[in-house]
4 protein chains.
Amino acid sequence: MANIVRFDSRPVLNSPYFIEALPGIGNVGKIAGDFLADAFKAVKFVSIYSEDLPPQITTDEECVAHLVANELWYADIGGRDVVFLRGLSQGSTAEGQFALAQDVVSILLSLNVKRIITLGGYGTGKLVDQPRVLGAVSDAKLKPELTDYGVTFVPNEPQGGIIGAAGLLLGLGRVYGIDSCCLMGETSGYFNDYKSAQAVVGILVKMFAVSPDQKELQDKTAKFEELTAKVKETAADDGKYDSFSYIG
Amino acid sequence: MANIVRFDSRPVLNSPYFIEALPGIGNVGKIAGDFLADAFKAVKFVSIYSEDLPPQITTDEECVAHLVANELWYADIGGRDVVFLRGLSQGSTAEGQFALAQDVVSILLSLNVKRIITLGGYGTGKLVDQPRVLGAVSDAKLKPELTDYGVTFVPNEPQGGIIGAAGLLLGLGRVYGIDSCCLMGETSGYFNDYKSAQAVVGILVKMFAVSPDQKELQDKTAKFEELTAKVKETAADDGKYDSFSYIG
Amino acid sequence: MANIVRFDSRPVLNSPYFIEALPGIGNVGKIAGDFLADAFKAVKFVSIYSEDLPPQITTDEECVAHLVANELWYADIGGRDVVFLRGLSQGSTAEGQFALAQDVVSILLSLNVKRIITLGGYGTGKLVDQPRVLGAVSDAKLKPELTDYGVTFVPNEPQGGIIGAAGLLLGLGRVYGIDSCCLMGETSGYFNDYKSAQAVVGILVKMFAVSPDQKELQDKTAKFEELTAKVKETAADDGKYDSFSYIG
Amino acid sequence: MANIVRFDSRPVLNSPYFIEALPGIGNVGKIAGDFLADAFKAVKFVSIYSEDLPPQITTDEECVAHLVANELWYADIGGRDVVFLRGLSQGSTAEGQFALAQDVVSILLSLNVKRIITLGGYGTGKLVDQPRVLGAVSDAKLKPELTDYGVTFVPNEPQGGIIGAAGLLLGLGRVYGIDSCCLMGETSGYFNDYKSAQAVVGILVKMFAVSPDQKELQDKTAKFEELTAKVKETAADDGKYDSFSYIG
């Protein structure tokens, strides 16, 4: 059964960049991508419904039902058209993730996408004071530009590879000959990691040469730092903080 | 492998309403929908056989085999054509539920369906004295009419969303621009909840402005109330009744 | 990915009967079907390879590899063309069983099949002295003939329905309007149940009005009875024999 | 969702032999096949990306991303064109293995493949001093030639059949009438078994009548023998070595 791909509109985009911002480790990619999309007033234009997303609707404050979807939004960021991939869930199976990624790439090819940027967290399993943003690319020629923005490249990292949408869309980007990169903010993975997301945003604003108001994100980062400071204290007492689950 | 969709007949229906009545929490939707279908002498006209329904037949009192199916039935309810979705089982996988929902919606579109109504239980995990009927809609404009019938709308409820056929058909209804709603009777979820089902029937008879004989359903509700009263006594003794499984 | 359906030959068959004889409870259907196929020198003419059969080959005494398949064989039994479904394994998933059953039915329709007979075991969970053969049918009109042969019909039995190929092919037979029945030999399910299989063979030889040499099957039944007698003794000592696994 | 099959080039090959060298028991097939492919400077010409391979990229020392794939490489070995199947992973489900095998066979048929050779380990569960190479074939006529090269044929072995790509490609080879064989080096299965792989290489160099430099492989085999000697000592002390996991 194929996915259902519904266009709300058919915007004319000029060789857009693409940013993947689905949930993942520490929700780093989702937080960073959602921030940028919202800051530049992105507009939804595609919904992809899939048998491999949870068979479920959510309801809003008006009790209006929304079927779980992966969505494409577009925005103008500093004169550059950008398409975002957003949603509440990645595909729930390996097969579903592949099918969703193929549908997204197919749309991107039709839009003459110029660059694929996937966002994610680089799970360290421990609290990180100054999260770096690690990179992986479809072609080594992309490294100098990204290094200029502050991206760190560590040979053979991440050792376990990159899983899920961030990995698949980078990998398929390379298969189809599109310049592609993955930006991974270091994160403990224990919380919605606003600090790591802000580090990723720091790279993206340099790439697009824009200066959006980051006040709200900075406030959340400050609260996140308070939280992790408390966790560290507790951990210092206990000798561990492994049992914390995601909180935001 | 596509589902097998078999038409027994091709009734001419006039912008029908659709009622989903598959098994679910407390079997509220199935009991309410089956009551209405039987009361108005509904006739089966489609059987959908699927690899995602149990690979199984049931036998009747004549030892005649029936392959497990999801079925469409039609009836005239107070001058309005109505199509029911009935069956002994929902799809056994998320993928299967999606494929079945897509097949059903596809048939409904061909019938020029005017409204999708999905029925379900709203599990509370505890016994409910006066079950309300909660609603979710495809469009806020539907709320005043449903409120008039006695449906309660609680912002952002149900918090966990609506899963299975009741959620999918509401969500797909919205995707395809069909006025759609879900009616959920509050239920402990521990039994075949006739009382909650009767509350849902109470909404439906107002919507269709009909007065079917509800004697049999009322009798079952009375028995259900006896049963739950006993459970409450026992629970009062024990301090819990969590271990009860479905009984009808 | 569709199954691979390979024809070794295209025999001209005259409105054949079909007998399903795949492994199942007590292997009753497989033993009975294989006996009849071998007794009447059946010839293989179709192999169906499927992603839902184990991804495996077996090797024979010549070290020649055989990919696991579901196979169709044909034979002339008392002047009646008969097609057998044989193999070492049923589909390993519900989806796979459905896809295999659909492929088989599709071939049967092209052969103008006149009757579908599925064979199976009716698991009782305890040793049975005189196993009956229970029946289920696609149409009540088939019951008198089968009753004449010695088949027993018990209303609403088997209560749990009939699962796997025996149920699916009966159910699909009914969907496609083919006269179909399932013959189930009562069996403990603990062993390769030759006695139950012989009871099923007893029905089939009446249906086809043939008298094949049953010496070998009778010998195996005699050994089976010795075995179960010993089990009963042990069980009488222990008070249980639940832990026995399949042995042949 | 079909696999993505990407050709880097379309080499003109003359009735090539095919060698399957994916990971498996003791990685015997992968080590032997990779050795031969590298020794004869094989060139990659096809990548197959599949929803049934892990949804993952790996990164190299340049941080360049590689989507997990099954790949076809070609080489000239002693005047004979040879196609290799290589990769880091077999399909992660039975269905995926079947779909990948079908895609590979489809390409091989288009290349007019003359012989299919699948490589694997024959797991013994205990350390083997002088690993034999066991064979299975699509046709008994292939046995004399293989016996000449040193392959051992044991009737009905391996008893459990051959699973995964090595079994499927042999089995499908037979289905499509291609001369096919499987060469299995005996292995404990506990390590990357270079010694067993070298035994398999010993057969292949005779088949192709070539003498590649085996120094590096011999060194690894020597180290492997040191390692297993230590294991044996320890095992002699302990009375067991069952708990060793794969190390290389």
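Quick note: numbers below take in every heavy atom, side chains included, and nothing from hydrogens, waters or symmetry partners. Bear in mind the structure is a predicted one, so any value in this text is a computation, not a measurement.
Side chains of B:Ile4 and C:Tyr176 form a contact here, defined as non-hydrogen atoms less than 4.5 Å apart.
Other residues, nucleotides and ligands contribute at most 12 non-hydrogen atoms within 6.0 Å of the CG atom of C:Leu88. Within a 6.0 Å radius of CD in B:Glu216, other residues, nucleotides and ligands contribute 12 heavy atoms or fewer. Enclosure of atom NZ in C:Lys44 by more than 12 non-hydrogen atoms of other residues, nucleotides or ligands within 6.0 angstrom is indicated.
Heavy atoms of B:Thr93 lying under 4.5 Å from chain C belong exclusively to its side chain. For C:Gln97, the part lying under 4.5 angstrom from a heavy atom of chain B is the side chain only. For chain B, no part of C:Leu134 is nearby; none of its heavy atoms comes within less than 4.5 Å.
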Report the C-alpha separation of C:Glu157 and B:Thr59 in whole Å, then their side-chain angles, then the decisive distance to 0.1 Å, and conclude whether the side-chain contact (heavy atoms from CB on, under 4.5 Å) test is met.
CA-CA 6 Å; C:Glu157 287 286 337; B:Thr59 47; 5.5 Å; no
Hey, mind stepping through B:Gln56 and C:Ile162 against side-chain contact (heavy atoms from CB on, under 4.5 Å) and telling me if it holds?
CA-CA 5 Å; B:Gln56 186 174 344; C:Ile162 307 172; over 6 Å; no
Working note: B:Val64 + C:Arg174, criterion side-chain contact (heavy atoms from CB on, under 4.5 Å); need CA distance, chi angles, decisive distance, verdict.
CA-CA 9 Å; B:Val64 171; C:Arg174 186 166 179 272; 3.6 Å; yes
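Atoms CZ and CG, on C:Phe98 and B:Asp52 in that order, are 9.0 Å from each other to the nearest 0.5 Å. We find the SG-CG distance between B:Cys63 and C:Asp139 to be 13.0 Å, quoted to the nearest 0.5 Å.
The residue among C:Gly91, C:Gly161, C:Gly135, C:Ala165 with the most heavy atom pairs within less than 4.5 Å of chain B is C:Gly161. When C:Val175, C:Leu170, C:Ile163, C:Leu168 are compared by the number of non-hydrogen pairs under 4.5 Å with chain B, C:Val175 comes out ahead.
Here the closest heavy-atom approach between residue C:Gly167 and residue B:Ile57 is recorded as O-CG2, 3.1 Å.
Between the side chain of C:Lys143 and the backbone N or O of B:Glu62, at least one donor-acceptor pair lies under 3.5 Å.
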